Asks: 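Questions regarding the structure given below will be posed in turn.
Just so you know, residue 1 is the first one in the sequence shown, and it goes up from there. Here the structure is a predicted model, which means the values were calculated and not measured.
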Amino acid sequence: MKLKDLARELGLSQTTVSRALNGYPEVNEQTRARVLEASKRLGYRPNSSARRLATGRAGAIGAVLPTDDGPLTDPHFVEFLAGVGERLSEGDFDILLSPARSDENDVYRQLASGTRVDAIILSSPRVRDARVDLLNELEIPFILHGRTEADSDYAWLDIDNIGAFHHATSYLMDVGHRRIALINGASGYTFARHRELGFRRAFRERGLAVEERYITAGTMTEEVGFSLAMELLQIDPRPTAFIVSSMTVTLGVIRALRASELELGRDVSLIAHDDVIPYVNADRMVPPVSTTRSSIRAAGARVAELTLEMLDGRASDDIQEVWPVELIIRGTTGPPSRP
């Protein structure tokens, strides 16, 4: 179906139908709703080239892939992109992934100076992330999945990592644990710093000292989880509980506990941060894993939605969201079996 066919079906001019589809403010809401309903019912999809000419937009949101980090093998990043893509497709926007083989900042400069994207989504921010100041300087709309320390304002969405790990640590203390190990994400990233802050806050509130040798960090892979857990289990006295920064790492931790002939939930307790990864379902594991739960796919969809709102005129410094994280207690958590 072409635009003229849709206009004829509605009894409206092609100009009115085009303006309704493209969000022009002079079209009243009743007409816009009628046009959108008819376009969906009749299967009309606007010509992308014509739409770009009419709106002056590229119709795409950009994201950069550092090829040396292997983000497409990271289930968290893939789930986040899935959420972004689902929401953008509803608004007839594409997502453009640009590989960064050397200097990532060069890719951002190229995206900002071209006409291929209307905005950029940043993920995995470091504690002090220079990309924020760079993109503000380049004057291209962007949003950060996470937070960072920056000299300029920016749009962001984050989960309450401090609250999540404070809650998890406090719960373990409430059931009697004191020797609690933290297996965190790689140092330097904001989410890892916030999770450690929440962990430490729980100890501080009870007037207890943190056992520094129980705090470890690394890349969030199963093999790293196995290696770090085996090291922690060699400490005398060993930890009676683990808090782990991702379900992927948790798979390695569970393997280490079994290799050490320790029963999960009885000899050692465990709480993992669960990003609701489809093929690592905490509820279906044996035993079911206690988690701090937050959907990274839902976060991706919301980041995409906020990006579209920004393109429609919402101020970037008005976009600052913190999502609460739920603590789900299952079969891997109980009181310590030893004093």
Side-chain angles (χ1 to χ4, degrees), residues 75-77 79-84 86-87 121-125 127 129 143-150 153-175 177 180 182-185 189-206 220 241-250 269-278 280-283 288-310 314 316-333:
H76 307 90
F77 186 75
E79 273 295 287
F80 177 73
L81 281 186
V84 170
E86 286 173 358
R87 179 61 185 88
I121 292 174
L122 303 178
S123 57
S124 301
V127 174
D129 202 310
I143 185 168
L144 187 60
H145 178 221
R147 280 175 280 179
T148 186
E149 297 174 3
D153 292 328
Y154 61 96
W156 55 268
L157 178 145
D158 198 6
I159 65 171
D160 184 8
N161 283 297
I162 294 177
F165 277 58
H166 171 265
H167 193 181
T169 309
S170 297
Y171 178 86
L172 289 171
M173 289 180 168
D174 288 343
V175 297
H177 292 277
I180 305 171
L182 171 65
I183 299 182
N184 206 351
Y189 290 98
T190 306
F191 77 86
R193 179 183 183 184
H194 284 183
R195 291 173 185 181
E196 184 176 336
L197 287 173
F199 177 82
R200 291 181 179 276
R201 177 185 291 177
F203 278 87
R204 186 172 63 252
E205 287 177 350
R206 286 167 171 75
M220 292 199 292
F242 287 77
I243 300 177
V244 187
S245 218
S246 88
M247 279 301 299
T248 306
V249 178
T250 296
S269 287
L270 182 147
I271 298 177
H273 182 67
D274 173 25
D275 286 310
V276 196
I277 306 299
V280 189
N281 192 317
D283 194 38
V289 177
S290 299
T291 60
T292 55
R293 185 169 66 186
S294 177
S295 170
I296 197 168
R297 182 181 286 243
R302 180 57 177 161
V303 164
E305 184 174 351
L306 292 170
T307 304
L308 297 178
E309 289 181 12
M310 196 161 40
R314 184 174 177 184
S316 60
D317 57 4
D318 184 47
I319 299 174
Q320 298 179 348
E321 290 189 7
V322 181
W323 285 13
V325 178
E326 187 178 8
L327 177 62
I328 310 294
I329 298 302
R330 299 188 179 98
T332 61
T333 310

Asks: Checking Arg200 now: which residues fulfil salt bridge (Lys or Arg N to Asp or Glu O under 4.0 Å) with it, not counting sequence neighbours?
Replies: Glu196, Glu212
Asks: Quick one: does Ile121's side chain get under 4.5 Å of Val303's, heavy atoms only?
Replies: yes
Asks: Quick one: list whatever passes ring-ring contact (aromatic ring centres under 6.0 Å, His included) with Tyr171, sequence neighbours left out.
Replies: none
Asks: Run the ring-ring contact (aromatic ring centres under 6.0 Å, His included) test against Phe165 and tell me which residues pass, sequence neighbours left out.
Replies: none
Asks: Report the residues that fulfil ring-ring contact (aromatic ring centres under 6.0 Å, His included) with His273, sequence neighbours left out, ordered by chain and then residue number.
Replies: none
Asks: For the side chain to side chain contact (heavy atoms under 4.5 Å, CB included) test, which of Leu270, Thr332, Ile183, Ile271 pairs with Thr250?
Replies: Leu270
Asks: Could you check if a side-chain atom of Ile162 sits within less than 4.5 angstrom of a side-chain atom of Phe199, using non-hydrogen atoms only?
Replies: no
Asks: Compare all side-chain heavy atoms of Arg195 with those of Thr292 and state whether any distance is below 4.5 angstrom.
Replies: no
Asks: Are any of the side-chain heavy atoms of Ile180 and Met173 separated by less than 4.5 Å?
Replies: yes
Asks: Within the structure provided, determine whether Glu321 and Leu306 are in side-chain contact (heavy-atom separation under 4.5 Å).
Replies: yes
Asks: Name all residues meeting the salt bridge (Lys or Arg N to Asp or Glu O under 4.0 Å) criterion together with Arg201; count only those two or more places apart in sequence or in a different chain, and write none if there are none.
Replies: none
Asks: Taking side chain to side chain contact (heavy atoms under 4.5 Å, CB included) as the test, write out the residues that go with Ala282, two or more places apart.
Replies: Met247, Asp274, Val289, Thr291, Arg330
